[in-house]
Chemist: 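Please find one structure pasted underneath; my questions will follow.
Worth knowing before you read on, the calculation uses all heavy atoms, side chains too, and leaves out hydrogens, waters and symmetry mates.
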Amino acid sequence: MFVSQVKNIMRILFLETRELSYSSSSVFMNELKKAFLKLGDEVLHYIIKDINQSEEILEDILAMSHTLKFDFIFDINSILPLLYEDDKPYLDCFKVPFVDYIVDHPIHQAHVLDRKLDNFNVICLDSEHCDYIKTCYPNIRNTIAMPLAACTQTVEKISLHESDERKIDVLFPATFTPVSYFEDILKDKGKRYLDYAKECIDMIKSGEGFAVCDMRKRLLETDNQKHDILPDVSRYIDKYIREYLRQMTVEALLSVGISLDVVGARWEMYDGKYHNRLNIHEQTGYGNIAGFMQMSKAVLNVQPLFKNAPHDRIYNAMANGAVVITDYVTGLNVYEEGKDYLK
């Protein structure tokens with residue numbers, strides 16, 4: 001009996017419609033493209049900078065698909081499901097699966113996820129995100145969880161384990177936004193939402209279990225007449241809690257005399273009690289963060305409000321030889337306590 005060893009070659013269409021923080025989505029796209037090409041697949045990659053001003057190129061791509069026959073279309077945190085061709089969703093015109101990789105909690109993509117497409121599929125970061133999508137969006141055909149890993153392009157051939165060569169004690173690559181910004185937004189939407197956000201923080205600080213999907217359920221139960229604003233309110237509560245925990249962690253480290261180096265947007269706005277212990281570096285692109293990690297003994301990670309998928313900061317830090325300081329993540333259970341993974 002003979003078994004064919006020939007791999008079925010796929011033709012994949014990458015339509016990049018969003019530029020996420022620090023151009024991280026472009027790095028992710030390019031890494032995935034390299035992986036598919038290495039497998040022998042064919043990838044056509046188009047960057048759509050302004051979906052509302054790209055009618056001609058979108059029409060050309062659709063026309064091209066009639067002869068090239070793609071296996072599936074891929075994007076990250078996509079806005080493509082919002083696009084229509086006449087009275088039909090643009091993506092349905094291709095008659096192939098569409099895969100959206102959501103690299104944050106799905107509540108931030110609610111306006112996209114509720115769109116009815118013929119073949120809408122989602123990759124998300126966390127297993128709880130999968131459960132959330134399956135519960136709230138029956139229109140999504142398939143959902144799987146796949147956390148982001150370290151990007152190979154960020155790892156250079158240097159002596160990664162020589163900590164005495166690293167000039168930065170603790171690095172925190174992240175964005176700063178004053179808690180007061182999200183607090184004001186929630187006040188405008190209704191004081192009860194701000195009160196609930198503070199209640200959630202108290203739950204987290206006391207060690208109680210907390211999940212964003214529970215927050216949505218609670219809001220539905222207590223605010224039935226406001227279903228239409230729930231996705232918007234939920235994502236601002238999420239942002240408020242995230243920023244509060246992030247700034248609380250930074251303040252705790254600074255208060256015990258630890259010097260913290262930060263790289264990211266708006267840190268010049270930080271006015272905490274120990275702000276003079278903060279070393280602020282100019283923000284840079286996602287692909288350049290590895291250089292800072294390679295100069296750091298340790299990298300700080302403050303998880304978003306999901307605990308089953310390590311933030312990519314963790315894997316990138318380890319790949320670049322830095323110790324990770326992080327809150328608990330179940331996805332790290334695969335590592336053995338006491339084993340050196342930085343050699």
Chemist: Counting N and O atoms only, with roles assigned by atom type, does the side chain of Asp238 sit under 3.5 Å from a partner on the main chain of Ser234, one being a donor and the other an acceptor?
Modeler: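 Pair absent, no side-chain N/O of Asp238 close to backbone of Ser234.
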Chemist: Using a strict 4.0 Å threshold on nitrogen-to-oxygen distance, state whether Arg11 and Asp71 make a salt bridge.
Modeler: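 No.
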Chemist: Could you tell me the separation between the OH atom of Tyr181 and the CE atom of Met269, rounded to the nearest 0.5 Å?
Modeler: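 Here the interatomic distance stands at 10.0 Å.
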Chemist: Using atom types as modelled and distance alone, determine if a side-chain donor or acceptor of Tyr240 lies under 3.5 Å from a backbone N or O of Ser180.
Modeler: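 No.
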Chemist: Below 30° counts as parallel, above 60° as perpendicular, anything between as tilted: where do the rings of Phe14 and His45 land?
Modeler: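 Aromatic pair Phe14/His45 classed perpendicular.
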Chemist: Is any NZ, NE, NH1 or NH2 atom of the basic residue among Arg242 and Asp104 found under 4.0 Å from an Asp or Glu carboxylate oxygen of the other?
Modeler: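 The answer is yes: the pair qualifies as a salt bridge.
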Chemist: I'd like to know whether Glu16 forms a side-chain contact (heavy atoms from CB on, under 4.5 Å) with Tyr46, so could you lay out the CA-CA distance, the side-chain angles of the two residues, the decisive distance to 0.1 Å, and finally the verdict.
Modeler: CA-CA 6 Å; Glu16 186 177 344; Tyr46 292 88; over 6 Å; no
Chemist: How far apart are the C-alpha atoms of Asp327 and Asn301, what are their side-chain angles, what is the distance that settles it, and do they pass the side-chain contact (heavy atoms from CB on, under 4.5 Å) test?
Modeler: CA-CA 7 Å; Asp327 43 349; Asn301 174 63; 4.3 Å; yes
Chemist: Got a second to check how far Leu15's CG is from Ile57's CD1, nearest 0.5 Å?
Modeler: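 Interatomic distance, Leu15 CG to Ile57 CD1, rounded to 0.5 Å: 9.0 Å.
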Chemist: Do the side-chain N and O atoms of Asn279 and Ser259 include a donor-acceptor pair separated by under 3.5 angstrom?
Modeler: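 Judged by distance alone, the side chains do pair up.
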Chemist: When you compare the side chains of Arg266 and Thr177, does any donor N or O come within less than 3.5 Å of an acceptor on the partner?
Modeler: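 Side-chain D/A pair, Arg266 to Thr177: present.
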Chemist: Counting only N and O atoms by type, is there a donor-acceptor contact under 3.5 Å from the side chain of Asn121 to the main-chain atoms of Asn119?
Modeler: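 It does hold such a pair.
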Chemist: Taking Arg166 for its side chain and Gln294 for its backbone only, find out whether a donor-acceptor pair lies under 3.5 Å.
Modeler: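 Checking the backbone N and O of Gln294 against the side chain of Arg166, a donor-acceptor pair under 3.5 Å is found.
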Chemist: Using a 3.5 Å distance criterion without hydrogens, assess whether the side chain of Tyr137 forms a donor-acceptor pair with backbone atoms of Tyr132.
Modeler: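 Checking the backbone N and O of Tyr132 against the side chain of Tyr137, no donor-acceptor pair under 3.5 Å is found.
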Chemist: As a quick check of understanding, evaluate side-chain contact (heavy atoms from CB on, under 4.5 Å) for Val99 and Ile123, giving each step before the final call.
Modeler: CA-CA 7 Å; Val99 180; Ile123 303 171; 3.7 Å; yes
Chemist: So, taking the atom named CZ in Arg18 and the one named OG in Ser26, what distance separates them when rounded to the nearest 0.5 Å?
Modeler: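 Rounded to the nearest 0.5 Å, the CZ-OG separation comes out at 12.0 Å.
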Chemist: Could you tell me if Thr330 and Asn308 have a donor-acceptor pair between their side chains, going purely by distance under 3.5 Å?
Modeler: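 There is such a pair between these side chains.
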Chemist: Is it true that a side-chain atom of Arg115 and a backbone atom of Pro89 form a donor plus acceptor pair closer than 3.5 Å?
Modeler: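 Between the backbone of Pro89 and the side chain of Arg115 there is no qualifying donor-acceptor contact (under 3.5 Å).
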Chemist: With clusters defined by side-chain heavy atoms of hydrophobic residues (ILVMFWY) lying less than 4.5 Å apart, directly or transitively, does Val263 cluster with Val323?
Modeler: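 Per the 4.5 Å side-chain linkage, Val323 and Val263 are not co-clustered.
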Chemist: Looking at Thr17 and Ile48, would you say the former's side chain and the latter's main chain have a donor-acceptor pair under 3.5 Å?
Modeler: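 Checked: no pair found.
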Chemist: Quick check on Glu268: does its CD atom have over 12 non-hydrogen neighbours (other residues, nucleotides or ligands) under 6.0 Å away?
Modeler: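 Check passes, neighbour count above 12.
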Chemist: Are Ile47 and Ile76 connected in a single hydrophobic cluster, I mean Ile/Leu/Val/Met/Phe/Trp/Tyr linked by side-chain heavy atoms less than 4.5 Å apart?
Modeler: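 Hydrophobic grouping puts Ile76 apart from Ile47.
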Chemist: Hydrophobic clusters here meaning ILVMFWY residues chained together by side-chain heavy-atom distances under 4.5 Å, can you tell me if Ile280 and Tyr274 are in one?
Modeler: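 They do share one cluster, since a chain of ILVMFWY contacts under 4.5 Å joins Ile280 to Tyr274.
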Chemist: Would you tell me whether Glu251 and Gln247 have side-chain atoms, one donor and one acceptor, within less than 3.5 Å of each other?
Modeler: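 No donor-acceptor contact under 3.5 Å links the two side chains.
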Chemist: Once you measure the plane-to-plane angle for Trp267 and Phe176, does it fall in the parallel (<30°), tilted (30-60°) or perpendicular (>60°) bin?
Modeler: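 Ring orientation of Trp267 relative to Phe176: tilted.
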Chemist: For Asp118 and Asp92, indicate whether the former's side chain and the latter's backbone hold a donor-acceptor pair under 3.5 Å.
Modeler: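 Side chain of Asp118 to backbone of Asp92, a donor-acceptor pair under 3.5 Å: no, none is there.
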Chemist: Say whether Leu278 and Phe292 are linked into one hydrophobic cluster, either directly or through other cluster members, by side-chain heavy-atom distances under 4.5 angstrom.
Modeler: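 Leu278 and Phe292: separate clusters.
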Chemist: Would a distance-only check, ignoring hydrogens and angles, find a side-chain to backbone donor-acceptor pair under 3.5 Å from Gln303 to Ala309?
Modeler: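 Yes: the side chain of Gln303 pairs with the backbone of Ala309.
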Chemist: Do Ser23 and Glu19 have a side chain donor and acceptor closer than 3.5 Å?
Modeler: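 Per modelled atom types, Ser23 and Glu19 side chains form a pair under 3.5 Å.
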Chemist: Side-chain donor-acceptor pair under 3.5 Å between Asp312 and Tyr286, yes or no?
Modeler: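 Side-chain D/A pair, Asp312 to Tyr286: present.
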Chemist: How many angstroms lie between CG in Leu245 and OG1 in Thr249, if you round to the nearest 0.5 Å?
Modeler: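 Leu245 CG to Thr249 OG1: 6.5 Å, rounded to 0.5 Å.
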Chemist: Can any side-chain N or O of Asn320 pair as donor or acceptor with the backbone N or O of Asn316 at less than 3.5 Å?
Modeler: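 Answer holds: yes.
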Chemist: Taking a hydrophobic cluster as the set of Ile, Leu, Val, Met, Phe, Trp and Tyr residues connected by side-chain heavy atoms closer than 4.5 Å, whether directly or through intermediates, do Ile314 and Val302 fall within one such cluster?
Modeler: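 No, Ile314 and Val302 fall in different hydrophobic clusters.
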Chemist: Can the ring centroids of Tyr90 and Phe94 be said to lie less than 6.0 angstrom from one another?
Modeler: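 Here the rings of Phe94 and Tyr90 have centres that are less than 6.0 Å from each other.
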Chemist: Between Arg192, Lys191, Lys198, which is the residue that forms a salt bridge (Lys or Arg N to Asp or Glu O under 4.0 Å) with Asp195?
Modeler: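 Single pass found, and it is Lys191.
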Chemist: At what distance, to the nearest 0.5 angstrom, does CD of Glu85 lie from CG of Leu91?
Modeler: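 If we round to the nearest 0.5 Å, Glu85:CD and Leu91:CG are 11.0 Å apart.
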Chemist: How many angstroms lie between atom OG of Ser78 and atom CD of Gln109, to the nearest 0.5 angstrom?
Modeler: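 Going from OG on Ser78 over to CD on Gln109, the span is 8.0 Å.
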